[in-house]
Amino acid sequence: MSEAERKQPYDVLVIGGGINGCGIARDAAGRGYSVLLAEMEDLASGTSSAATKLVHGGLRYLEHYEFRLVHESLAEREVLWASAPHIIWPLRFVLPHHQGLRPAWLLRLGLLAYDTLGGRRLLPPTRTLDLRTDPAGEPLKPGYHTGFEYSDCWVDDARMVALCARDAAARGANIRTRTKVVAAQREGGLWTVDLEDAADGRQQVQARLLVNAAGPWVDRVINEAVGQIENRNVRLVKGSHIVVRRLFQHDRCYIFQNADNRIVFAIPYENDFTLIGTTDEDYAGEPGEARISADETAYLCAAVSEYLRQPVSEGDVVWSYSGVRPLYDDGASAAQEATRDYVIRAEGETGEPMLVNIFGGKLTTFRRLSEEVVDRIGARLGEKGKRWTRRAQLPGGDFAPTAFEVEVAGLCASYPALDPALLRRLCRQYGTDARRLLGAAREHADLGEDFGAGLYAAELDYLVENEWARRAEDVLWRRTKLGLRVDADAAERIDAYLATRL
C-alpha cells in the first residue's frame with residue numbers, strides 16, 4: 001500500500017467481496033467515488049459461490065406474499081441477462097403437478113402472476129405440458145400427467161462476483177482480497193480502519209463512509225470490528241446442494257414440490273452433471289465451515305427420487321457444497337419462511353461518518369440493492385453521478401443476449417486449430433475477453449502447460465493478472481468449476497504454478 005493511500009481518505013470502504021460488496025463497489029466507483037473493497041478471503045468465497053445459481057423471481061415467495069420482492073426480482077432477470085450474456089442464460093423450468101400437494105389451479109394462478117409481474121420481453125411465457133408425451137416426462141415416474149413450464153435464468157454466481165470486481169477496478173476501485181478489517185473507529189469525522197493481510201501485515205486507512213456487506217459475518221463486523229457488542233440482526237440459514245452424474249438428457253430444469261411445502265431443483269450442470277438443491281436449516285456454527293450433513297444429503301436424494309424413474313442415492317453424489325445465507329431476522333418460525341428480501345440500515349449522526357449495514361438479499365437483486373446503497377452514499381457524501389448500471393455490461397458481456405452462439409462461432413473461426421469444446425467453455429466464462437486470454441495462440445502448445453480438463457497456463461496467467469486468483473481452489477471452484485474434472489495431483493501442480501506467478 002502506497003503512502004498516498006494511507007494518507008488520503010477513501011470516500012467509501014466496503015467490507016466483503018461477495019456479490020453485494022462487489023456490486024456496491026462497482027456502482028460507487030462508476031459514479032465517481034473513491035472506493036476500497038476489503039475481502040478477508042477470496043472473492044465469492046462465502047455465500048456468493050454457494051447459491052442454487054439462479055436469476056429468478058422466486059416462485060415460492062408468492063406464497064409468503066412477498067410481492068415486491070418477486071416483482072423486483074422478475075424485472076431484474078432480463079436486465080442482468082443483458083449485462084452478462086456469457087455467464088447468464090435462459091432456463092426453462094418444468095413443474096410437475098403432484099396429486100395431493102398444491103392444486104393445479106393454484107399453480108396456474110401463481111405462474112400467471114409470475115408471467116405478468118416482471119415485464120418479461122425476451123423470455124418465453126409459461127405453457128402447460130402433457131408429461132405423457134413431452135420429452136420432459138420421460139425421466140419421471142409414471143403417474144405424472146400434467147406439468148407447467150416457465151422461464152427464469154441461470155447464472156455462474158462466482159463469476160458474476162469476479163466480473164463486478166473487475167468492473168469496479170476498471171472504474172478506479174482498489175480491490176483487496178485476503179485482507180481483513182480488524183478494527184474500525186470514528187475519529188475526526190472519518191473512519192479509521194485497521195486492515196490485516198499476509199503480505200503487508202497490519203495497515204491503517206481512512207474512509208468517509210463504511211459499508212458492511214460481510215454477508216454471514218455482518219454481525220461479527222458490527223460487534224468485533226466496530227465494537228457494538230451483542231448486536232444481532234441476521235438469521236443464519238444453511239443451504240446445501242449435491243451434484244450427481246447427469247440424470248436426464250434434455251436441457252430443462254425440474255422444480256419438484258415436497259410434502260413439507262419446500263421445493264427442490266434438479267438442474268443441468270456443467271454439461272455432464274445435475275445439480276440438486278437446496279435445503280434450509282438454521283445454522284449456528286462458523287459460516288466458513290458449513291458442510292452438508294448426512295440428513296441433508298438423504299433429504300435431497302429422497303426429494304428427487306420421489307419423482308424420477310432413476311432414484312438417486314448418497315453413493316451417486318460426486319460433489320456437494322453448503323453456504324450460509326445471512327437472512328434478516330424477521331422472527332419467522334421456520335428457516336424456509338424467513339424473508340429473502342434485503343434490509344439496509346444506515347447509522348451515524350450528522351457530522352459523524354456513516355456506517356451502512358447490509359442484511360439479507362439474494363443474487364438476483366444485488367444490482368438494485370447496490371443502487372439503493374450508493375444513493376444513500378450520495379445523500380451523505382454529496383452526489384457525484386447518476387444511476388448507471390441498468391444498461392451497463394460487465395466485462396466480456398458486450399454482445400446481444402441472444403447472440404452467444406454467434407460469439408462461439410466467431411471464436412472458433414478465429415482459432416480453428418483449438419478444441420471447439422475448450423473455446424465454448426472459454427466463451428461461456430469470459431465472453432469477448434476469451435480473445436484476450438488466448439492472444440496469438442494458434443495451437444494448444446501456445447497456451448503453455450496443460451493441467452488437464454482444458455486448463456492451460458495461459459488461463460491461470462489471465463486469472464492471476466485480471467481476477468485476483470491466488471490458489472488452486474480459487475481457480476477450480478470459483479473462477480471455473482473444473483474441480484469436478486481434475487484430480488488432487490493437478491490441484492497441487494496448479495498451486496505450485498501460481499506460487500511462481502505471484
Side-chain angles (χ1 to χ4, degrees), residues 18 41-54 87 91 139 154-162 237-249 251 253-256 264-281 283 285-305 308 310-325 363 421 425 428-429 451-455 459 463 469 471-495:
E41 297 293 344
D42 181 35
L43 297 173
S45 56
T47 308
S48 293
S49 60
T52 311
K53 309 182 194 311
L54 301 177
I87 62 166
L91 188 62
W154 169 264
V155 61
D156 186 329
D157 51 2
R159 290 216 53 73
M160 175 71 86
V161 176
V237 174
K238 183 175 69 164
S240 297
H241 299 75
I242 58 175
V243 175
V244 300
R245 295 289 174 185
R246 188 164 184 164
L247 296 175
F248 42 87
Q249 294 307 307
D251 60 0
C253 161
Y254 290 103
I255 173 173
F256 295 140
V264 168
F265 294 101
I267 307 172
Y269 188 62
E270 295 294 316
N271 297 318
D272 301 318
F273 303 92
T274 300
L275 174 66
I276 299 170
T278 178
T279 59
D280 268 316
E281 60 178 40
Y283 183 76
E286 169 60 37
E289 297 175 0
R291 301 291 183 271
I292 192 169
S293 67
D295 286 347
E296 287 177 294
T297 300
Y299 173 86
L300 293 174
C301 290
V304 295
S305 298
L308 298 178
Q310 175 188 338
V312 177
S313 68
E314 289 86 340
D316 296 320
V317 177
V318 298
W319 182 51
S320 64
Y321 64 89
S322 299
V324 178
R325 307 181 191 97
L363 181 67
R425 177 182 72 79
R428 260 295 174 222
Q429 294 181 203
F451 294 91
L455 180 63
E459 187 170 358
L463 292 173
R471 300 173 186 166
E473 64 179 284
D474 303 347
V475 174
L476 296 177
W477 295 112
R478 288 183 284 276
R479 308 306 185 277
T480 77
K481 292 298 181 290
L482 293 175
L484 289 166
R485 304 180 189 278
V486 303
D487 58 22
D489 289 341
E492 289 183 6
R493 289 169 52 215
I494 292 167
D495 267 327

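Side chains are part of it too, since the values below use all heavy atoms of this structure and drop only hydrogens, waters and symmetry mates. As the structure is a prediction and not an experimental result, all values here were calculated from the model.
Sorted by first then second residue, the salt bridge (charged side-chain N to carboxylate O under 4.0 Å, His left out) pairs that include residues 238-249, not counting sequence neighbours, are Lys238-Glu281, Lys238-Glu296. Sorted by first and then second residue, the side-chain hydrogen bond (donor to acceptor under 3.5 Å, both in side chains) pairs with a member in residues 264-274 read Asp272-Arg485; sequence neighbours excluded.
To the nearest 0.5 Å, atoms CZ (Arg425) and CD (Glu459) are separated by 4.0 Å. The CD atom of Glu473 sits 8.0 Å away from atom CG of Asp495, with the distance rounded to the nearest 0.5 Å. Atoms CZ and OG, on Arg159 and Ser49 in that order, are 13.0 Å from each other to the nearest 0.5 Å. With rounding to the nearest 0.5 angstrom, the CD1 atom of Ile267 is 5.0 Å from the CH2 atom of Trp154. Residue Phe256 holds its CZ atom at 4.5 Å from CG of Leu308, rounded to the nearest 0.5 Å. Atom SG in Cys253 sits 5.0 Å away from atom CG in Leu91 (nearest 0.5 Å).
Remark: side-chain polar atoms of Thr480 are paired, donor with acceptor, to backbone N or O of Val475 under 3.5 angstrom. The main-chain N or O of Gly323 is never found under 3.5 Å from a side-chain atom of Thr47 such that the two would form a donor-acceptor pair. Ser240 contributes no side-chain N or O that, together with a main-chain N or O of Thr279, makes up a donor-acceptor pair within less than 3.5 Å.
Using a 4.5 Å heavy-atom threshold, the side chains of Leu54 and Phe265 count as touching. Residues Asp474 and Leu463 have side chains not in contact (no heavy-atom distance under 4.5 Å, counting atoms from C-beta outward). A 4.5 Å side-chain heavy-atom check between Asp156 and Lys53 finds every atom pair outside the cut-off. Here the side chains of Val486 and Leu476 are in contact, with some heavy-atom distance below 4.5 Å. At a threshold of 4.5 Å between non-hydrogen side-chain atoms, the residues Pro139 and Tyr254 count as touching.
Between Asp280 and Arg325 there is a salt bridge, with a side-chain nitrogen of the basic residue lying less than 4.0 Å from a carboxylate oxygen of the acidic one. One finds a salt bridge joining Asp42 and Arg478 here, because a Lys/Arg side-chain nitrogen approaches an Asp/Glu carboxylate oxygen to under 4.0 Å.
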Result block: side-chain N/O donor-acceptor pairs under 3.5 angstrom for residues 311-318, not counting sequence neighbours:
unit_1, atom_1, unit_2, atom_2, d
Ser313, OG, Asp316, OD2, 3.3
Asp316, OD2, Ser313, N, 2.9

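Across all their heavy atoms, Leu43 and Ala162 have their closest contact at CD1-CA, 4.3 Å. For the residue pair Ser322 and Ile292, the shortest heavy atom distance occurs at OG-N, 2.9 Å. Of all heavy-atom pairs spanning Arg428 and Ile87, the tightest one is O-CG2, 3.4 Å.
The side-chain contact (heavy atoms from CB on, under 4.5 Å) search around Val264 returns Asn258, Ile276, Tyr299, Leu300, Ala303, Val304, not counting sequence neighbours. For Glu286, the salt bridge (Lys or Arg N to Asp or Glu O under 4.0 Å) criterion is met by Arg220, not counting sequence neighbours. Take Leu363 and apply the side-chain contact (heavy atoms from CB on, under 4.5 Å) test, not counting sequence neighbours, and it matches Ile19, Val155, Asp157.
Ring planes of Trp319 and Trp477: parallel class, angle under 30° (limits at 30 and 60°).
By the 6.0 Å and 45° rule, Lys481 does not stack over the aromatic ring of Tyr321.
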